[in-house]
> 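Next up is a structure, given as structure tokens.
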Amino acid sequence: MRKIPLLATLTLAASLLAVPPAQAAGLPFQNPALPVEQRVDDLLGRLTLQEKLGLLHQSQAAIPRLGIAYHKNGTEALHGVGWSNHLNDGWSQKFASGTVFPQAVGLASTWDPELIKRVGSAVGDEVRGYNDADPVLWGLQVWAPVVDLLRDPRAGRNEEGYSEDPLLTGAISTAYGKGLQGDDPVYLKTAPVLKHYLAYNNETNRGTSSSNLTPKLKHEYYEQAFKAAISANAATGVMASYNLVNGRPNHVNPDLGSTVRSWTDKTLYNVSDAWGPYALTELEKYYDNKPEAFAAVLKAGLDSYTIDDSNAGPLAEHLTAALDQGLITQADVDRAVRNVLTIRTRLGHFDPDGGPYKKITKDVINSPANQRLNREAAGRAAVLLRNSGALPFKEPRSAAVVGPLAGTLYRDWYGGKAPYQVTPLDGIKERVGDVSTGAGLERIALKHLASGKYLTATGTGADDNAALIDTAPTAASQWDLTDWTGGVSTLRNAGNGKLLGGDWRSLDTDDAEPDGWYVQQQFELERDQADGSYLIRYAGYETVEGWYGLPDPYVTVSADGTLGLAPKAQAAKFGKEIVSDGVAAAAAQAAKAEVAVVVVGSHPFVAGREFHDRANLQLGAGQRRLIEAVRRANPRTVVVLEAGYPVVVDAPNLLWTTHAGAETGHAVADVLFGAVNPAGRLTQTWPAGDSPTDIYNYDLTKTGMTYLYGKGKPLYAFGHGLSYTTFGYQGLTVQGDKVSVKVTNTGKVKGDEVVQLYTHQRESRFKQPVKQLRAFQRVTLNPGETRTVTFTLKKSDLAVWDYTRGKWAVESATHDVLVGSASDRIRQSTTLRVSGETVPVRDLAKTTRAMDFDDYAGVAFADETKAGGEAVEGSAGDWVSFTGASFGSKFTAGVSSVSGGSLELRSGSPTGALLGTVQVPATGGVYQWGTATATVKAGSGSLYLVFKGDLRIKDFALAR
């Protein structure tokens with residue numbers, strides 16, 4: 001067995017960060033004149049096994065003998081340089097303080113790839129600037145953009161993604177990625193990595209839940225967002241996601257080494273998510289031991305393990321054991337290391353002068369040019385949802401600017417710390433001389449009904465727990481209540497300015513903001529309808545962890561009067577007393593002002609974020625009361641909604657922006673006062689209410705989620721957004737692969753229109769979307785100006801995934817060609833007859849994969865083996881169907897079952913005529929495959945396989 005002095009070797013190497021002038025100067029791998037492949041071959045041949053294994057870690061030790069410096073993967077750069085971890089400071093999280101652009105979903109709402117490329121380029125410059133200042137902390141492989149499709153707005157990471165539509169997501173991610181990596185044909189400014197492969201859109205149970213994907217949706221929908229950027233060479237790899245797909249963890253998804261890499265002829269460098277390789281044994285229990293799991297990760301197509309902070313020792317230990325056990329070979333290691341070295345070579349790591357992008361210095365960080373670009377992006381991202389005529393403002397002399405987000409900006413989990421802030425209040429003050437303001441919050445006291453004492457802050461230290469002390473409200477027992485979203489609130493103490501928090505099992509006030517990983521400053525005031533008292537539910541994020549051990553905790557009072565958390569049955573009852581009514585004060589201010597602006601929305605860390613889905617899409621009750629009160633006081637009220645996800649808000653004048661970075665206030669004011677004519681468009685459907693669908697159900701054809709398959713009327717449709725001018729559409733034509741339409745600015749001011757092209761296939765062998773985005777353009781038109789907007793629509797763009805034959809096919813069909821300003825506002829339409837092929841009758845006499853069904857009920861999609869393949873898993877009463885088929889009488893199937901069972905073959909429906917019953921013997925386990933045979937009645941039409949007992953089926957044939 002090989003013995004590697006892991007900790008000694010790797011710790012020593014990691015400490016040698018100041019690499020001396022190349023001790024091996026002039027070696028081929030250091031020669032920029034040579035092809036990248038030749039340089040990589042040379043360097044690979046010079047490395048020891050120890051050094052190779054170290055390069056498979058996120059924190060790659062320096063190799064002084066070869067003049068190679070330390071490198072760290074994974075600088076966060078989602079919408080600006082966010083944060084990284086420092087090797088020499090306990091792997092602590094270090095935040096950038098550069099240009100913070102609008103959140104990703106806001107950037108996408110610009111529908112402007114050219115702008116987004118400029119934003120990506122600015123972010124790439126600042127990554128280089130930070131790397132220039134501290135190359136140990138700020139690595140050049142960036143983990144951005146996030147291209148997870150936003151198919152459910154309740155998902156906690158909604159603000160990180162771009163859209164529910166794969167084409168739009170692909171266009172924006174391609175633009176951002178190209179900006180990040182620069183335009184040099186060989187060298188990379190940064191190396192962008194797409195998150196998170198694949199079908200990752202729920203946070204609850206994210207490490208154990210499996211996204212069930214039909215082959216059709218996998219190919220047509222979920223893969224497409226990744227394929228676009230990879231095939232355009234706008235990204236250098238993907239990150240595996242925490243979830244499973246069809247029963248297999250994505251960290252061992254064989255697509256990583258095959259499908260994903262097939263989309264480009266460039267070398268990709270794929271990475272794990274944090275702790276993901278350990279989840280295979282610790283959480284998912286998919287493998288029995290770590291050498292087996294780590295070997296599977298490598299063989300599946302991942303090249304980097306994000307584990308153990310800066311310590312590569314355990315990784316080397318597990319992979320060494322895997323080598324010794326024959327689970328992987330030296331060739332497997334070399335293949336992954338080659339991918340690492342290729343990207344590092346393209347980053348200039350081995351060039352004597354650091355490559356062409358090394359000249360970028362820290363002077364670019366938060367430059368005036370980037371500040372101007374930030375303001376432009378935030379303004380172009382804003383979406384005017386409703387306007388009854390109050391906007392744009394016409395030089396008002398006075399304004400009331402109120403609400404919990406009027407005078408502050410918040411950082412999100414993947415954002416840096418803004419070096420300055422322009423709040424909505426600041427932006428409006430620059431334009432209006434007389435401005436009044438207020439947070440519009442209730443200041444309350446919480447009286448423990450049993451003792452008559454008030455919930456009181458005792459200090460801001462770690463050991464200063466809140467208690468029942470005051471017998472009459474003082475500043476220390478008064479709390480500013482902010483109802484954010486989803487029924488979750490924060491309570492800020494009026495005496496010390498700190499938030500009430502659940503200090504694991506007690507209560508304290510030692511945090512200024514709820515911005516940690518475990519946000520412990522979240523509560524819900526539950527009113528008892530019987531006696532009017534309140535229970536205080538604790539909603540801190542750590543409560544979902546298995547180790548927390550206190551489901552559904554509430555504030556309780558022990559016998560000695562101390563406060564703590566306990567199950568609901570032990571919850572204390574409180575009376576809520578309003579000490580001062582900020583809502584009434586805000587309304588009074590609004591009544592005196594010419595115009596009123598209410599700035600409401602979400603807190604990026606509260607009631608939903610990574611690891612936590614949202615309970616619902618409702619705005620908090622206190623914020624709703626504020627809107628209603630101000631509107632009653634002043635009919636010229638505009639609501640500014642600042643949130644990274646859809647929120648149900650009722651207001652006749654409503655402007656939406658994400659948490660849009662340091663220039664949020666300037667951008668909001670630019671739009672409110674007409675300096676910017678709004679042209680942002682929604683990139684996802686805003687439902688009219690809370691979704692009744694299961695957040696774990698990824699089958700859009702059954703849930704009706706997204707505009708593609710939704711048939712109900714949403715609150716706001718995909719693509720929706722208003723302007724201060726109007727646009728007319730005329731003369732839609734289709735000639736060859738060109739679709740043209742004339743668009744005219746029919747209003748009185750200059751404005752942008754986002755012209756959107758959709759199609760709908762009328763006839764198909766397969767279920768088709770209601771409509772599907774095919775192209776878009778954002779165009780600027782002066783009053784009265786007409787422009788012909790032309791799109792390219794190729795025949796191949798209309799291909800569908802033919803799962804009956806496992807290939808893409810263009811069917812002979814009539815397509816509706818639809819052009820408009822939103823998915824629900826089609827302005828011109830015509831038809832296009834496409835000459836393609838007719839999908840033949842399915843011949844089930846040939847071996848057919850069970851996953852290639854036409855419909856199903858009850859079943860789950862499962863892994864055939866741990867290494868690859870998919871199967872259908874069902875229990876009694878579940879079924880899959882195969883329509884438009886012909887079949888013989890000799891049934892043979894690949895099956896597995898722990899306890900045995902049977903399959904019924906029925907015609908026409910799951911309760912239709914019985915064609916035969918197939919006994920499935922116990923095979924010894926779900927990965928132990930056997931063969932089941934039977935003679936059944938031959939026929940044609942629709943065949944249903946109905947499960948009786950617990951079993952899996954991978955394939956079958958009905959020979960004649």
Side-chain angles (χ1 to χ4, degrees), residues 101-102 105-116 118-119 372-396 399 422 424 427-428 430-432 595 597 599 636-642 651-658 660-661 663-683 716-729 741-756 776-789 819-822 825 827:
F101 287 94
V105 70
L107 291 175
S109 71
T110 65
W111 292 61
D112 190 342
E114 185 277 330
L115 171 69
I116 300 307
R118 287 194 284 134
V119 171
R372 290 191 295 271
L373 178 61
N374 195 12
R375 181 172 182 169
E376 178 186 357
R380 291 172 76 84
V383 181
L384 184 60
L385 296 174
R386 295 182 67 185
N387 186 14
S388 67
L391 291 175
F393 289 146
K394 306 297 184 183
E395 299 182 354
V422 181
I428 293 170
E430 292 178 4
R431 287 173 165 83
V432 181
V595 297
V597 179
V599 190
R636 296 194 65 195
T637 292
V638 173
V639 176
V640 175
L641 174 64
E642 190 176 331
N653 303 295
L654 182 60
L655 178 71
W656 173 70
T657 176
T658 58
E663 290 288 335
T664 298
H666 277 148
V668 166
D670 287 343
V671 174
L672 294 180
F673 289 86
V676 169
N677 189 345
R681 301 291 184 262
L682 295 181
T683 66
Y716 301 110
F718 174 81
H720 172 77
L722 304 179
S723 171
Y724 294 151
T725 189
T726 55
F727 299 93
Y729 287 67
V741 67
K742 293 181 179 179
V743 182
T744 302
N745 183 340
T746 55
K748 298 180 180 180
V749 295
K750 180 180 179 180
D752 287 8
E753 174 71 311
V754 179
V755 186
Q756 303 163 37
F776 61 90
Q777 285 188 37
R778 179 165 174 157
V779 295
T780 303
L781 297 173
N782 291 313
E785 181 182 359
T786 297
R787 185 177 305 174
T788 298
V789 177
V819 175
S821 56
R825 195 156 187 254
R827 308 293 296 279

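This one's a predicted model, so the numbers in the text were calculated from it and none came from an experiment. When a residue number appears, it is its place in the shown sequence, counting from 1.
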> Can you name the closest pair of heavy atoms from Ala381 and Gly106 and give their distance?
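So the two residues come closest at CB-O, 3.1 Å.
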
> Find the distance between CG (Leu641) and OG1 (Thr658) and round it off to the nearest 0.5 Å.
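Here the interatomic distance stands at 10.5 Å.
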
> Sequence neighbours excluded, which residues qualify as side chain to side chain contact (heavy atoms under 4.5 Å, CB included) partners of Arg778?
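By the side chain to side chain contact (heavy atoms under 4.5 Å, CB included) rule, Arg778 matches Thr110, Asp112, Arg380, Ala679, Asp752, Val754.
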
> Please report the closest heavy-atom contact between Arg375 and Ala667, naming both atoms and the distance.
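Where Arg375 meets Ala667 most closely, the heavy atoms are O-CB, 4.2 Å.
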
> Indicate yes or no: at least one non-hydrogen side-chain atom of Ser723 is less than 4.5 angstrom from one of Glu753.
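No, side chains not in contact.
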
> Locate the shortest heavy-atom distance separating Thr788 from Lys742; write the atom from each residue and the value.
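So the minimum-distance heavy-atom pair works out to OG1-CG, 3.7 Å.
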
> Roughly how far apart are Ser109 OG and His720 NE2, rounded to 0.5 Å?
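So the OG of Ser109 and the NE2 of His720 are separated by 12.5 Å.
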
> Would you say Arg787 and Leu781 make side-chain contact, with heavy atoms under 4.5 Å?
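Arg787 vs Leu781: side chains touch.
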
> Answer whether the closest heavy-atom distance between the side chains of Asn782 and Asn745 falls below 4.5 Å.
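A side-chain contact under 4.5 Å is absent here.
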
> If you define the side chain from C-beta out and look only at heavy atoms, does anything of Val755 sit under 4.5 Å from Phe727?
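No; the side chains remain at least 4.5 Å from each other.
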
> Which heavy atom in Ala660 sits nearest to a heavy atom in Thr657, and how many Å separate them?
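In this case the closest contact between Ala660 and Thr657 is CB-OG1, 3.6 Å.
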
> Measure the shortest side-chain to side-chain distance between Leu384 and Val671 over non-hydrogen atoms and say whether it is less than 4.5 angstrom.
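Not touching, per the 4.5 Å side-chain cut-off.
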
> Among residues at least two apart in sequence or on other chains, which ones pass side chain to side chain donor-acceptor pair (under 3.5 Å) with Arg118?
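With sequence neighbours excluded, Arg118 shows a side chain to side chain donor-acceptor pair (under 3.5 Å) to Glu114, Glu376, given in chain and number order.
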
> Given 3.5 Å as the limit, does a donor-acceptor pair link the side chain of Asn653 with the main chain of Thr637, or not?
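Pair found, side chain donor or acceptor close to backbone of Thr637.
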
> Consider side chain to side chain contact (heavy atoms under 4.5 Å, CB included). Of Thr683, Leu682, Leu655, which one does Val383 pass it with?
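Option passing the side chain to side chain contact (heavy atoms under 4.5 Å, CB included) with Val383: Leu682.
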
> Could you tell me which non-hydrogen atom of Thr744 sits nearest to which non-hydrogen atom of Gly784, and how far apart they are?
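Reported closest heavy-atom pair: CG2-O, 4.2 Å.
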
> Using the test ring pair (Phe, Tyr, Trp, His ring centres under 6.0 Å), find all partners of Phe776 that sit at least two apart in sequence or belong to another chain.
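Expected list: Trp111.
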
> Ser821 and Arg681: which non-hydrogen atoms are nearest, and at how many Å?
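What the structure gives for the nearest pair is O-NE, 4.1 Å.
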
> Return yes if some donor-acceptor pair links the side-chain N/O of Gln756 with the main-chain N/O of Gly719 below 3.5 Å, else return no.
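Such a contact is found between Gln756 side chain and Gly719 backbone.
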
> For Asn374, give me all partners under side chain to side chain donor-acceptor pair (under 3.5 Å), at least two apart in sequence or on another chain.
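Partners of Asn374 under the side chain to side chain donor-acceptor pair (under 3.5 Å) test: none.
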
> For Val119 and Leu373, what are the C-alpha separation, side-chain angles and deciding distance, and is it a side-chain contact (heavy atoms from CB on, under 4.5 Å)?
CA-CA 7 Å; Val119 171; Leu373 178 61; 4.3 Å; yes

> Do Val638 and Val595 come close enough that some side-chain heavy atom pair is under 4.5 Å?
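A side-chain contact under 4.5 Å is absent here.
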
> Atom NZ of Lys750 and atom OG1 of Thr725: how far apart are they, to the nearest 0.5 Å?
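Going from the NZ atom of Lys750 to the OG1 atom of Thr725 covers 12.5 Å.
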
> Output all residues satisfying ring pair (Phe, Tyr, Trp, His ring centres under 6.0 Å) with Phe673, sequence neighbours left out; order by chain, then residue number.
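Phe673 satisfies ring pair (Phe, Tyr, Trp, His ring centres under 6.0 Å) with Phe393 once adjacent residues are dropped.
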
> Report the residues that fulfil side chain to side chain donor-acceptor pair (under 3.5 Å) with Glu663, sequence neighbours left out, ordered by chain and then residue number.
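Expected list: Tyr420, His666.
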
